[in-house]
Amino acid sequence: MKTIFLKRFIPVLLFGLAIVGAFATNTNNASSTSMSHVQGFVKLNPLGTVCDTPEMCTSDFGVICTVGDIPNGTQLWGKNSNDRCVVELYRIPQ
């Protein structure tokens, strides 16, 4: 009787563990795709020492972050550790 019970119980248990594992993996993937939002700055001089702050961008690769029209707009930059606007930023997907 124990053998019949175990033969039926073990596959059900393994199936349940597989489902739990699938949901746990899906949750981790969703949180890892979240974007890091960064303040974008308009570079007001070539060295990037003077900046203006118009909108948020992301550091995740994509379309260049601009103010205004994408192909003709002014590019926005992120600040580096020396507080200069020289880090290329990307548009946050809509």
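Everything quoted here is computed from the prediction, not taken from an experiment. In what follows, residues are counted from 1 in the order of the sequence shown.
- When all heavy atoms of Pro54 and Leu76 are compared, the pair lying nearest together is CG-CD2, 3.4 Å.
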Indicate every side-chain donor-acceptor pair of residues 39-48 with a distance under 3.5 Å to a residue at least two apart or in another chain.
{"unit_1": "Gln39", "atom_1": "NE2", "unit_2": "Glu55", "atom_2": "O", "d": "3.2"}
{"unit_1": "Asn45", "atom_1": "OD1", "unit_2": "Gly48", "atom_2": "N", "d": "3.0"}
{"unit_1": "Asn45", "atom_1": "OD1", "unit_2": "Thr49", "atom_2": "N", "d": "3.0"}
{"unit_1": "Asn45", "atom_1": "OD1", "unit_2": "Val50", "atom_2": "N", "d": "3.3"}
{"unit_1": "Asn45", "atom_1": "ND2", "unit_2": "Thr49", "atom_2": "OG1", "d": "2.7"}

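- Between Met56 atom CE and Leu89 atom CG the span is 9.5 Å, to the nearest 0.5 Å.
- For the pair Asn80 (side chain) and Asn82 (backbone), a donor-acceptor distance under 3.5 Å is present.
- For Glu88, the side chain to side chain contact (heavy atoms under 4.5 Å, CB included) partners at least two apart in sequence or on another chain are Ile64, Gln75, Trp77, Tyr90.
- Residues satisfying the side chain to side chain donor-acceptor pair (under 3.5 Å) test with Ser59, not counting sequence neighbours, are Ser36.
- Arg91 places a side-chain N or O within donor-acceptor distance of the main-chain N or O of Thr66, the cut-off being under 3.5 Å.
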